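Please read all numbers here as calculations on a predicted model, not as lab measurements. Each chain gets a letter, A, B and so on, in the order the sequences are listed, and its residues count up from 1.
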2 protein chains.
Amino acid sequence: MKVFLDALKQISPLSEKAIEAFSEMTKEEELSKGHLLIKAGTVCNYIYFIEAGLSRTFYYKDGKDVTDWISAEGSFAASVVSFITRQPDIRNVELLEPSRICAISYANLEKLYADYHEIERLGRLLVSYGLVQLQNRFDDLHFASAQERYMKLMNTQPSLINRVPLGMIASYLGITQETLSRIRAKV
Amino acid sequence: MKVFLDALKQISPLSEKAIEAFSEMTKEEELSKGHLLIKAGTVCNYIYFIEAGLSRTFYYKDGKDVTDWISAEGSFAASVVSFITRQPDIRNVELLEPSRICAISYANLEKLYADYHEIERLGRLLVSYGLVQLQNRFDDLHFASAQERYMKLMNTQPSLINRVPLGMIASYLGITQETLSRIRAKV
DNA sequence: TTAATTTTTTGATAAATGTCAAAGGATAGG
DNA sequence: CCTATCCTTTGACATTTATCAAAAAATTAA
């Protein structure tokens, strides 16, 4: 839990009271590799913070497994669209490594937002930073070549290369695993 | 201004006081086609709401004009990444039609956020819905064909087809104008 | 309206990436 | 340590999309 609360404080200062309220609303769990945090077709009722470990968000498009997002320790995992819209979504979230996570439910978070202006602010900032991250990935996908995208991933998150199977990384980058394998052979 | 305030109220209820504060902080303008709202290389200090008209966000990648976003009446325009991170960004925003806009500065918005919990909530919701929109476009770019993307645009925002030059729409969809022209001829 | 400019289409060709198939490697459980 | 499974690479070929060039169509300004 400490890693989680420290990360929150980094985003925006929180009073002792708010931190306590947060920690009361949050439950910590140790889960094994392969555990499904969120199942496609359901409404995502939890946001997870990865204190240790690794997860990926994925769905099926035309029968093919698409890796939408990868969350390592220190970041959040969820079916964000479903969490926000309160509609079922096609995304699953699974653990790629045994992980220690903090989970907070939609209902509890709403309560915290309503009770604490400072937590509402924190939430706004978190979503804002998420938007910036997504825009960066969007820009890559928009007009960068497969090789450019791979290079950028190597520069920004090199550790993922050894922790995530190549096929999932390829899909994350929007290419096939054969193409990624060839890029890798060339570079 | 009324269109803007009504749109805000739709997102989240606001007290009379908050609405008044908002309208005091907002300035309304009529601007002509071609007007540059935001210039590349600067920090984006305003968020614009388009009451009437049309804008696009664009930048240059390898000397080529890339249309990043298109905002029609009832939506927001900004260099969102720059507005959030307070860093200069490569994006420009220009008007594609004579437009009536409402502008609110970063500093004023921060003040509103600090003074009104209800406005902070509104801000969180606005960013959240923006995130959902971007995720939808991201999904298309991730693993949908050029034709699928065009079809989806036709279904969701058909009016843009007649208001925005084909080259900009093509770029918005992540393809060349020749490819879009051929898709159009085929469909 | 004409003339100039911009936008869109079309054709030929090239480049990037995908698909299918199969062979090697690596890894984990019995 | 052996076998089954999963992961990665490689090859041959197909498809999609980009590039370059030029013509046709539409729009704008004089």
Side-chain angles (χ1 to χ4, degrees), chain A residues 32-36 53-54 56 58 60-67 70 92 94-98 137-154 158-187, chain B residues 32-35 54 56 58 60-67 70 94-98 137 139-154 158-187:
Chain A
S32 55
K33 176 175 173 173
H35 182 92
L36 202 63
L54 191 65
R56 73 162 182 144
F58 68 102
Y60 295 97
K61 152 121 192 164
D62 304 332
K64 283 178 197 162
D65 179 315
V66 174
T67 295
I70 297 172
N92 303 274
E94 71 175 3
L95 295 178
L96 297 180
E97 294 177 358
R137 268 192 81 202
F138 179 87
D139 290 345
D140 290 344
L141 229 43
H142 204 177
F143 276 111
S145 68
Q147 181 164 332
E148 283 180 284
R149 281 176 250 161
Y150 178 65
M151 299 299 226
K152 190 159 168 187
L153 184 67
M154 288 282 276
S159 68
L160 291 188
I161 307 292
N162 304 309
R163 295 168 74 186
V164 180
L166 176 124
M168 292 178 190
I169 291 195
S171 173
Y172 177 80
L173 295 174
I175 57 181
T176 62
Q177 64 175 359
E178 293 93 336
T179 295
L180 181 53
S181 179
R182 287 180 177 117
I183 287 170
R184 204 186 237 182
K186 191 167 53 178
V187 177
Chain B
S32 55
K33 176 176 173 174
H35 182 91
L54 191 64
R56 73 160 181 145
F58 68 102
Y60 295 97
K61 151 120 192 169
D62 303 334
K64 282 178 197 160
D65 180 313
V66 174
T67 295
I70 296 171
E94 70 175 4
L95 295 178
L96 297 180
E97 294 177 358
R137 269 193 81 202
D139 290 346
D140 290 344
L141 230 42
H142 204 178
F143 276 111
S145 69
Q147 181 163 333
E148 282 180 286
R149 281 177 249 161
Y150 178 66
M151 299 298 228
K152 190 158 169 188
L153 184 66
M154 288 282 276
S159 68
L160 292 188
I161 307 292
N162 305 310
R163 295 169 73 187
V164 181
L166 176 126
M168 292 179 190
I169 292 196
S171 173
Y172 178 80
L173 296 174
I175 58 182
T176 61
Q177 64 174 1
E178 292 93 333
T179 296
L180 181 52
S181 178
R182 287 179 177 116
I183 287 170
R184 207 185 237 184
K186 192 167 53 180
V187 177

Length of the line joining [X]:[atom1] and [N]:[atom2], which is rounded to integer Å:
| X | N | atom1 | atom2 | value |
| --- | --- | --- | --- | --- |
| A/Leu180 | D/dC7 | CG | P | 15 Å |
| A/Gln147 | C/dA15 | CD | P | 16 Å |
| B/Arg163 | D/dA26 | CZ | P | 21 Å |
| A/Lys33 | C/dA28 | NZ | P | 7 Å |
| B/Asp65 | C/dT7 | CG | C1' | 14 Å |
| B/Lys186 | C/dT8 | NZ | P | 19 Å |
| B/Arg149 | D/dT16 | CZ | P | 13 Å |
| B/Gln177 | D/dA21 | CD | P | 15 Å |

- Can a salt bridge be assigned to the pair A/Lys152 and A/Asp139 using a cut-off of 4.0 Å between side-chain N and carboxylate O?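 No.
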Among [options], the nucleotide that comes nearest once only the side chain of [X] is considered:
| X | options | result |
| --- | --- | --- |
| B/Ala185 | D/dT8, C/dT17, C/dT10 | C/dT10 |
| A/Arg184 | C/dT8, D/dT8, D/dA12 | D/dT8 |
| A/Ser181 | C/dG11, D/dT8, C/dT17 | D/dT8 |

- Item | Residue-phosphate contact under 4.0 Å: B/Thr176 side-chain N/O, D/dA18 OP1/OP2 |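 For D/dA18, OP1 or OP2 has a side-chain N or O of B/Thr176 closer than 4.0 Å.
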- Query: Do any side-chain nitrogens or oxygens of A/Lys64 fall under 4.0 Å of OP1 or OP2 in C/dG18?
  - Reply: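 For A/Lys64, the contact criterion (side-chain N or O under 4.0 Å from OP1 or OP2 of C/dG18) is not met.
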- Message: Taking atom types as they are modelled, would you say the side chain of A/Glu178 forms a donor-acceptor pair with the base of C/dC20 within the 3.5 Å cutoff?
- Response: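 Donor-acceptor pair under 3.5 Å: yes.
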- Between the main-chain N or O of B/Leu141 and the side-chain N or O of B/Arg149, is there a donor-acceptor pair closer than 3.5 Å?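 It does not hold such a pair.
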- Message: Donor-acceptor check, side chain of B/Arg137 to backbone of B/Tyr172, threshold 3.5 angstrom: yes or no?
- Response: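 Yes, the answer is positive, given that a donor and an acceptor are paired below the 3.5 Å cut-off.
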- Message: Nearest 0.5 angstrom please: A/Leu96 CG to A/Phe58 CZ, how far?
- Response: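 Output value for this atom pair is 9.0 Å.
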- Item | Along DNA chain C (nearest heavy atom to each residue), the more 5'-positioned of B/Val164 and A/Ala146 |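 The 5'-side residue here is B/Val164.
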- Considering non-hydrogen atoms only, spot the tightest contact between B/His142 and A/Ser171 and give its length.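 That closest heavy-atom pairing would be NE2-O, 2.6 Å.
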